[in-house]
J.: 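Take a look at this one; I'll ask things after.
Whatever order the structure lists them in is the order used to number ligands and atoms, beginning at 1.
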Amino acid sequence: MREDMAKYRRMAGVRPTSFRDLESPPHWAAYDAALELLRRGELGSGLERLEEALRESLDQAESCRADCQRPQDELDTGDVPEAAGDGREEEATQGGLYEAIAEHWVQVLRCRQRCSVDTATRPGRTSPVPDFVPDLLRRLQEAHAQVGNLSRAVENALSFLLFYPEDEAVLKTVDLYREQLGGDGADARPREDIRRLVQRSLWEKQLLFYAMEHLGTTFQDPVSARSPPVPLAPSTPTADVLRLEGVTLVQDAGQLNGSERVVLDGLLAPAECRVLLQLAQDAAGVGDGYRGRRSPHTPHERFEGLTVLRAAQLAEAGTTGRRGPRLLLTASERVRALTEAYFSPGFPLHLSFTHLVCRSAIKGEQEQRMDLSHPVHADNCVLDPESGECWREPPAYTYRDYSGLLYLNEDFQGGDLFFTEPDALTVTAQVRPRCGRLVAFSSGVENPHGVWAVTRGRRCALALWHTRAPEYTEQERAEAEELLSRLEQRQGEGSAEEGADSPPEPPEAPRRGRRVREEL
Ligand SMILES: O=C(O)CCC(=O)C(=O)O
Ligand SMILES: [Fe+2]
């Protein structure tokens, strides 16, 4: 369904306003319209819709809170104690009216606390838009400042600070506004609606924590702490990266019109690309990977994928040489180390999945093709192009932090990788694959991407995903390593056997890449 919608969106004459979600509460329509207007620079009407989104969402939260007052047995609070069997219900009614009142009140408070999360959760989603209200306030502050209404800007900034009193950037902005406003600045106060909201929520939390301490009830704050800001890509490559022999920076995030993305050349020598292409060929020959099935993304292509363990097993079975599987391990480690050095995310990266993937155009089925080889998506969240949000929840691979594509060839038609805005439509950069070229990027909403249709030939790449979570480290990797080492020991390093199953290599071309920006 999502892909169908994406297809309709790309059709000529179809506008974003052609789509309307009839189930959504009104604040979402106002919110989406506001973001779209602000994106287009229509500040006046954008501001109006932002205000409307905030007002409607506060109303929505209010009616959710009112619902919490319903008698307990009508509430689906998720954590009502079991009535049957444990005798607590009876004890509450017989043993003490006060306990019963307290229990009821705690349920009401818990339910009310969830209202802010429910309001920030789009229909059909399981997780809320992070920082929904603070983010609205921040946008209001920025938009008011842009239209020159500093007193409204400072009021919204002060309201934001009620949520995050130590936010340095906003504190500085408030100082600046106050300075510019002179005497009037000193009187500036947060908005009354937000002050009430925050004060009431804090008071309810206090009561819930009190009940936890003194009445033995439980409470888990549904509003989770703010996620840390995504670190920015360095504007110049790190010294470590430059020191890596033969690797050339082709385009940095700025040149790719985004953040946390990079194109590097020279990660594989032509001979190495050939070894990996041969491995893909050998695996396809025995119907491995996707067993020659059509692509999961398009009926016009065949898709073959090979994991590191399967590659090692093919070497063990003698279907392929062992150089390909070994290179799969070393090349992916090369990419991991480089990605970690380049982006310096502040935590170590582990490979969570390594996949040798080829996409082949199916002959005779390329006429008037309208679809993509790989529809636009983000790698660790479910992208919603309509709102521009990305839901870091299953079925997305939420633990992925950085993605890498190491390309192996260029002798095919179509198949360029492209990045878009979160609307999945506006292309911000394109990358032509070629042997040894790495495209690396952070896996979130900041990097939606897709692949244009492969209309002739076969396009092969090593697709890699990195994670900061050690528990998601690719298990098969260790098994593949063990299997290959045993095989290498048995056959002896660099033995004639290995030479026999692979063609003689031409003298290795220099690893140094060249700048190819003009070709992109
Ligand atoms: O092959 C490519 O260039 C991109 C593939 C991709 O985005 C993915 O597998 O998630
Ligand atoms: Fe991807």
J.: Check Glu36 with Arg49, please: is the shortest side-chain N to carboxylate O separation under 4.0 Å?
T.: no
J.: Between Lys363 and Glu365, does any side-chain N to carboxylate O distance fall below 4.0 Å?
T.: no
J.: Any idea which protein heavy atom is nearest atom 10 (O) of ligand 1, and the distance to it?
T.: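 The protein heavy atom lying closest is His377 NE2, 3.0 Å.
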J.: To check your reading of the model: name the closest protein heavy atom to atom 9 (O) of ligand 1, its residue, and the distance in Å.
T.: His374 CE1, 3.4 Å
J.: Can you tell me which portion of Val357 lies within the under-4.0 Å heavy-atom range of ligand 1? Options are side chain, backbone, both, or neither.
T.: neither
J.: Can you check whether Gln255's main-chain N or O pairs, donor with acceptor, with Asp252's side chain at less than 3.5 Å?
T.: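 Looks like yes, one N/O pair under 3.5 Å.
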J.: Strictly under 2.8 Å, is the Fe ion (ligand 2) approached by any N, O or S atom of His374?
T.: no
J.: Would you mind running through ligand 1 and noting each atom that sits below 4.0 Å from a heavy atom of Arg359?
T.: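 The atoms of ligand 1 under 4.0 Å from a heavy atom of Arg359 are 1 (O), 5 (C).
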J.: Against heavy atoms of Tyr407, which atoms of ligand 1 measure under 4.0 Å?
T.: 2 (C), 3 (O)
J.: Counting heavy atoms only, which part of Trp465 comes closer than 4.0 Å to ligand 1: side chain, backbone, both or neither?
T.: side chain
J.: Which atom name would you report as the N, O or S atom of Asp379 nearest the Fe ion (ligand 2)?
T.: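 Among the N, O or S atoms of Asp379, the one closest to the Fe ion (ligand 2) is OD1.
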J.: Given Ser485, which partner from the list Gln489, Glu482, Glu481 fulfils the side-chain hydrogen bond (donor to acceptor under 3.5 Å, both in side chains) test?
T.: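 Single pass found, and it is Glu481.
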J.: Which protein heavy atom lies closest to atom 1 (O) of ligand 1, and at what distance to 0.1 Å?
T.: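 Residue, atom and distance for the closest contact: Arg459 NH1, 2.8 Å.
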J.: Answer yes or no on whether Arg261 is positioned over the face of Phe419, meaning its NZ or CZ is under 6.0 Å from the six-membered ring centre and within 45° of the axis.
T.: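 Pair Arg261/Phe419 counts as cation-pi.
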J.: Cation-pi check for Tyr407 against Arg359: NZ or CZ below 6.0 Å from the six-membered ring centre and within 45 degrees of the axis, yes or no?
T.: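 Judged by the rule, Arg359 and Tyr407 form no cation-pi pair.
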J.: Under a 4.0 Å N-O cut-off, is there an ion pair linking Asp32 with Arg122?
T.: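 Looking at Arg122 together with Asp32, the answer is yes, because their closest N to O distance falls below 4.0 Å.
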J.: Please state which option from Val451, Val439, Leu462 has its nearest heavy atom closest to atom 4 (C) of ligand 1.
T.: Val451
J.: Could you grab the angle centred on the Fe ion (ligand 2), going from NE2 in His449 to NE2 in His377, to 10°?
T.: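 The NE2/NE2 angle about the Fe ion (ligand 2) sits at 90°.
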J.: For Thr455 and Gln413, test the side chains for any donor-to-acceptor distance below 3.5 angstrom and give the result as yes or no.
T.: yes
